[in-house]
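Remarks on the structure that follows.
Values reported hereafter were calculated over all heavy atoms of this structure, with side chains retained and with hydrogens, waters and symmetry mates removed.
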Amino acid sequence: MASPVEQASAFKNDGNRAFSGHDWPKAIELYTKAIELHDTEPTFYTNRAQAHIKSEAFGYAIADATKAIELNPNFVKAYFRRAVSHAAILKPKDAVKDFKKCVELDPNNKDARLKLAECQKIVRQLNFYAAIDVGEEPSAAEGLDIDAIAIEPEYDGVPLGNEMTQEFIDDMIERFRDGKKIHKKYVYQIILAVKNIVYDEPTMVELTIPDDVKFTVCGDTHGQYFDLLELFRLNGRPSEKHYYLFNGDFVDRGSWSTEIALLLYAYKWLRPHGMYLNRGNHETDDMNKVYGFEGECRAKYNERVYKLFSESFSALPLATLIGSKYLVLHGGLFSDDNVTLDDIRKLNRHSQKQPGQSGLMMEMLWTDPQAAPGRGPSKRGVGMQFGPDVTKTFCDKNGLDAIIRSHEVRMEGYEEEHDGKCITVFSAPKYCDQTENKGAYININPEYKLSFHQFDAVKHPPIKPMAYASNSLGMM
C-alpha cells in the first residue's frame, strides 16, 4: 500500500494533468488532496497557487505562496507567484518586494527582472499622479467639435447621422468581423450619445418584461467579440422583441474590447429600453490600465476615445431589477445584512466615479459567493465572500426570488448556488484562450421563468488575449 507521501505525489501528478488540460477547478481539488496528505511540501502550495492564479483567485494564490515561503524561504517560484498575484489585484508596491526577492535569489531570472521593472514603473507613475493631483479633470468631450470632423471620401462604411440605425449596426458588425474599424467621428458620437442615456438612468434600473418580449441576461464577454457574435447567432440579435442585459465586464483581456463596447453601445443608442448595461469591475480605470482596454483604445483609435469610454463607464447603472424578482448585478452582496434595495436606489454613483476599496459600489462590483455560511475573506484579495445564509436573508428581506451575478468563470458557463438563490452566468467561453469553460446566457420569459443555455467558443483571428496591454502584469 502506498504511503501518504506517495499518495500525495500521485494526487499532485493528477493535478498537473488537470492543469495541462486547463481544468483549473479540478487541478485545485487534486492539489488540495495532495496537501491534506503531505502538508509540508512547498511545491504543492505553489502548484495550487498557479491554478488559483488561472482562476483569478489571487487572494488564495497569495495565501498558498506565503505558505510555501514559510516552508522554504528561498523558494523563488513562491515569491514569483505571490508577486504576480499582488500585481493582478493592483498592489504593485507589494509585487515589487517579491520580484526583488526573486532577483536576489536568482539573478539570471529574466522574467522576474522584466516584471520588477514594470512594477517599479507603475509605482513611479502612481507616485507622480498623486503628486500632481489637482482634482477632477475636465471632460474629454471638452473642445471636441464632432460636426467639424470630416469623413474621408475613401471611407467605405455606412454613414451615421444624428440617430443610430439598424443599417449602421449591421454594417459595423461585418466591418469588425473583417478586422476593420469605424470612423473615429462615429466612435465619438456613439460613446457620447450612450453616456448621456445611461447617465440619466437610475443606479438600479427597474423593469418588467412585456408579454411579447424575449429577455436575455449575459455575463462577462471580456473582449471576445467572435464569441459574442456566436451567442447572437444562437439566441438572436437584439431587436424590438428581444431585449438584452449585459452584466458588466464587456472589456479587458480579450483583444476585441472596443468592438464589443461599441456594438453594445450602438444597440443601446438604437433601443435605450431594449438594451441594458450594468457596470462591472472591469469598467474601471485601474483595471483598464492593466488588462488591455486602455492600450487597445489607443492602438485602434486614440487616447481621447479611451477617456470618453472611461467617463461613460462611470455613468453606467450598477444593477437591474427584473420584475421585482431578480436583482442582476456584476459581483454580489454586501458586508452588512441591513443593506436593502432602497440603499441601492439611493446610491449616488455619479459622485463616486470609481469603486474604491470599500463601500456599496465596490461590493456590488467585486464580491463572490462561497459555500460556507456567513462571510469570509475574498479569494481574489479584493472585496469579500458571502454564504448561502447571507443570500437567503437578502432575498427574503427584499422579496426576491434570486440574485443573478457574473464576475467569475464557471466551467459550465453558469451555476445555481445557495439553494438556487444565487445564480452566476459567464458568457466568455474558453476564457482568455486558456480555460476550457463553456459560455452561457439566461433567457427569461414574461412569466419570469429562467432557461439556461450554453455555447462553445468559436475560432477567432490569430490575435492573443491581452495583445494591447502596456505590460505583462495582467497575463495569467
Just checking Tyr60 against Phe58, ring centres under 6.0 Å apart? no
Is the distance between the ring centroids of Tyr186 and Phe168 less than 6.0 Å? yes
Without hydrogens or angle criteria, can the side chains of Thr221 and Asp249 be said to hold a donor-acceptor pair below 3.5 Å? no
Would Tyr306 and Asp285 count as a side chain to side chain contact (heavy atoms under 4.5 Å, CB included) here? Give the steps. CA-CA 10 Å; Tyr306 168 68; Asp285 289 352; 3.4 Å; yes
Return a table of donor-acceptor pairs under 3.5 angstrom between the side chains of residues 401-408 and protein atoms on other chains or two or more places apart.
unit_1, atom_1, unit_2, atom_2, d
Arg405, NE, Gly331, O, 2.7
Arg405, NH1, Glu408, OE1, 2.6
Arg405, NH1, Thr424, OG1, 3.0
Arg405, NH2, Gly331, O, 3.4
Arg405, NH2, Thr367, O, 3.2
Arg405, NH2, Asp368, OD1, 2.7
Arg405, NH2, Glu408, OE1, 3.3
Ser406, OG, Asn247, ND2, 3.0
Ser406, OG, Val425, O, 3.0
His407, ND1, Asn281, OD1, 3.2
His407, ND1, His330, NE2, 3.2
His407, NE2, Trp366, O, 2.9
His407, NE2, Arg380, NE, 3.1
His407, NE2, Arg380, NH2, 3.4
Glu408, OE1, Arg410, NH2, 3.2
Glu408, OE2, Lys379, NZ, 2.4

Would you check if the side chain of Asp23 reaches a backbone N or O of Phe19 as a donor-acceptor pair within less than 3.5 Å? no
With a 6.0 Å cut-off (strictly less than), is the heavy-atom count around NZ of Lys184, excluding the residue itself, greater than 12? no
Check the angle between the aromatic planes of Tyr244 and Phe246 and answer parallel, tilted or perpendicular using the 30° and 60° thresholds. parallel
Heavy-atom check, side chain of Ile122 versus side chain of Val96, under 4.5 Å: no
Using side-chain heavy atoms (C-beta onward) and a distance below 4.5 Å, is Lys195 in contact with Leu308? no
Answer yes or no: is there a donor N or O on one side and an acceptor on the other, between the side chain of Tyr326 and the main chain of Tyr448, under 3.5 Å? yes
Say whether, by atom type as modelled, one donor and one acceptor occur between the side chain of Glu201 and the main chain of Leu316 under 3.5 angstrom. no
Partners meeting salt bridge (Lys or Arg N to Asp or Glu O under 4.0 Å) with Asp456 (sequence neighbours left out): Lys438
Ignoring hydrogens and angles, tell me if any N or O in the side chain of Asn437 forms a donor-acceptor pair with the backbone of Ala428 under 3.5 Å. yes
Just jot down the salt bridge (Lys or Arg N to Asp or Glu O under 4.0 Å) partners of Arg175, sequence neighbours excluded, or say none. Asp156
Check whether more than 12 heavy atoms from other residues, nucleotides or ligands sit under 6.0 Å from atom NZ of Lys100, and answer yes or no. no
Is it true that atom CD of Glu152 has more than 12 heavy atoms of other residues, nucleotides or ligands lying nearer than 6.0 Å? yes
Side chain of Gln224, backbone of Cys432: donor and acceptor closer than 3.5 Å? yes
Donor-acceptor pairs are to be reported for all side-chain atoms of residues 256-263 against protein atoms at under 3.5 Å, with residues two or more places apart or in another chain.
unit_1, atom_1, unit_2, atom_2, d
Ser257, OG, Asp252, N, 2.9
Ser257, OG, Gly254, O, 3.0
Thr258, OG1, Glu296, OE2, 3.0
Glu259, OE1, Lys300, NZ, 2.9
Glu259, OE2, Lys300, NZ, 3.0

Selection residues 192-211 - residue pairs positive for ring pair (Phe, Tyr, Trp, His ring centres under 6.0 Å), sequence neighbours left out: Tyr199-His350
Axial cation check for Tyr301 ring with Lys181, 6.0 Å and 45° limits: yes
Using side chain to side chain contact (heavy atoms under 4.5 Å, CB included), reason through His242 and Val213 one step at a time and then give a plain yes or no. CA-CA 6 Å; His242 191 169; Val213 165; over 6 Å; no
Geometric class of the His222/Phe426 ring pair [parallel <30°, tilted 30-60°, perpendicular >60°]: tilted
Would you say Arg279 and Thr284 make side-chain contact, with heavy atoms under 4.5 Å? yes
Would you mind reporting whether Asp98 and Val84 have side-chain heavy atoms less than 4.5 Å apart? no
Leu318 and Leu347, any side-chain heavy atoms less than 4.5 Å apart: yes
Between Leu341 and Arg345, is the side chain to side chain contact (heavy atoms under 4.5 Å, CB included) condition met? List the steps. CA-CA 6 Å; Leu341 295 181; Arg345 290 184 181 102; 3.7 Å; yes
Phe452 and Tyr414 aromatic ring geometry - parallel, tilted or perpendicular at 30°/60° bounds: parallel
With no hydrogens and no angle check, just 3.5 Å: does a side-chain donor-acceptor pair link Arg177 and Tyr225? no
Any chance the side chains of His460 and Asp433 put a donor and an acceptor closer than 3.5 Å? yes
Could you check whether atom CD of Glu167 has more than 12 heavy atoms from other residues, nucleotides or ligands sitting under 6.0 Å from it? no
Greater than 12 external heavy atoms within 6.0 Å of Glu240's CD: no
Salt bridge (Lys or Arg N to Asp or Glu O under 4.0 Å) between Asp286 and Lys289: does it pass, once the steps are laid out? CA-CA 5 Å; Asp286 50 4; Lys289 289 181 185 301; over 6 Å; no
Please determine, by modelled atom types, if Gln166 and Arg271 share a side-chain donor-acceptor pair under 3.5 angstrom. yes
Under 3.5 Å, is there a donor-acceptor pair between the side chain of Tyr291 and the main chain of Ala88? yes
Over 12 foreign heavy atoms within 6.0 Å of NZ, Lys353: no
Using the rule given for salt bridge (Lys or Arg N to Asp or Glu O under 4.0 Å), can you reason through Lys430 versus Asp227, listing the C-alpha separation, both sets of side-chain angles and the distance that settles it, and then say yes or no? CA-CA 9 Å; Lys430 200 171 185 181; Asp227 295 321; over 6 Å; no
Apply side chain to side chain contact (heavy atoms under 4.5 Å, CB included) to residues Asn288 and Val251 and explain how you reach the verdict. CA-CA 8 Å; Asn288 294 158; Val251 302; 3.8 Å; yes
Any sub-3.5 Å donor-acceptor pair from Arg349's side-chain atoms to Ala315's backbone N or O? yes
Ring pair (Phe, Tyr, Trp, His ring centres under 6.0 Å) assessment of Phe99 paired with Phe80: CA-CA 6 Å; Phe99 283 133; Phe80 188 90; 5.6 Å; yes
Return the minimal non-hydrogen interatomic distance between Ala266 and Met172, and the atom names on each side. CB-CE, 3.5 Å
For this output row, return yes or no: ring centroids of Phe309 and Phe293 closer than 6.0 angstrom. yes
Mind checking whether Phe386 and His418 have side chains closer than 4.5 Å, heavy atoms only? yes
Validation row: Ile62, Ile89 side chains within 4.5 angstrom (heavy atoms): yes
Do Asn443 and Lys449 meet the criterion of a side-chain donor-acceptor pair at a distance under 3.5 Å? no
Applying salt bridge (Lys or Arg N to Asp or Glu O under 4.0 Å), name anything that partners Lys307, two or more places apart in sequence or on another chain. Glu303
Could you tell me if Asn278 and Thr320 have a donor-acceptor pair between their side chains, going purely by distance under 3.5 Å? yes
